[in-house]
Amino acid sequence: LAKLGQKYEGNEILKQMEERNYSNVISELKMVYKHSVRPLEEAYKFESFATPCLEDVDFDAKPMVLLLGQYSVGKTTFIRHLL
């Protein structure tokens with residue numbers, strides 16, 4: 001869809017479809033986590049030796065990425081390529 005988005009930047013229908021697809025994926029991930037993964041985490045007390053159980057805000061937040069590297073290894077070039 002990203003390539004289509006570049007081709008039809010002004011197309012609002014494409015943007016709405018992309019947002020709807022994103023929302024559906026996030027909703028499904030939340031459901032799978034709540035019904036399958038979280039009960040296992042609670043049963044084995046995962047939060048006592050690792051991170052606490054996830055909440056809805058953990059799924060709704062925008063993802064963050066940290067790039068580390070020496071000077072002049074291509075961090076900025078990589079970011080520009082992604083954008």
Side-chain angles (χ1 to χ4, degrees):
L1 285 176
K3 289 182 181 181
L4 287 174
Q6 291 173 355
K7 195 173 186 180
Y8 303 103
E9 286 181 358
N11 193 343
E12 286 297 316
I13 295 172
L14 183 64
K15 289 179 184 178
Q16 290 173 356
M17 284 176 43
E18 200 170 90
E19 288 175 12
R20 203 172 325 129
N21 288 339
Y22 176 79
S23 297
N24 290 341
V25 169
I26 295 299
S27 298
E28 291 293 321
L29 280 174
K30 285 180 192 179
M31 187 180 71
V32 168
Y33 177 77
K34 285 180 182 178
H35 296 290
S36 299
V37 178
R38 189 168 182 153
L40 288 172
E41 288 181 352
E42 291 171 350
Y44 291 102
K45 301 193 184 325
F46 182 74
E47 69 276 354
S48 64
F49 62 88
T51 58
C53 294
L54 298 177
E55 301 296 332
D56 283 347
V57 294
D58 295 314
F59 292 97
D60 295 332
K62 290 184 178 181
M64 290 188 285
V65 176
L66 173 66
L67 292 177
L68 297 174
Q70 295 288 334
Y71 173 76
S72 191
V73 295
K75 298 178 297 290
T76 304
T77 304
F78 178 70
I79 291 170
R80 287 183 182 152
H81 175 74
L82 292 176
L83 298 176

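- By the criterion of side-chain heavy atoms lying less than 4.5 angstrom apart, applied directly or through intervening Ile, Leu, Val, Met, Phe, Trp or Tyr residues, Leu68 is not grouped with Val65; the two fall into different hydrophobic clusters.
- Each of Glu42, Glu41, His35 was checked for a side chain to side chain donor-acceptor pair (under 3.5 Å) with Arg38, and the lone residue meeting it is Glu42.
- Note on Leu54: it does not cluster hydrophobically with Val32, by side-chain heavy-atom contacts below 4.5 Å among ILVMFWY residues.
- Heavy-atom contacts from other residues, nucleotides or ligands closer than 6.0 Å to OH of Tyr22 number more than 12.
- Each of Leu82 and Leu66 belongs to its own hydrophobic cluster when Ile, Leu, Val, Met, Phe, Trp and Tyr are linked at side-chain heavy-atom distances under 4.5 angstrom.
- Looking only at side-chain heavy atoms (C-beta outward), Cys53 and Tyr33 come within less than 4.5 Å of each other.
- Counting heavy atoms from C-beta outward, Val25 and Leu29 have side chains that approach closer than 4.5 Å.
- Under the 4.5 Å side-chain heavy-atom criterion for ILVMFWY residues, a single connected hydrophobic cluster contains both Val37 and Ile26.
- Legend: side chain to side chain donor-acceptor pair (under 3.5 Å) pairs involving residues 50-67, not counting sequence neighbours, sorted by first then second residue: Lys30-Asp60, Lys34-Asp56.
- Heavy atoms from other residues, nucleotides or ligands lying under 6.0 Å from CZ of Phe49 number more than 12.
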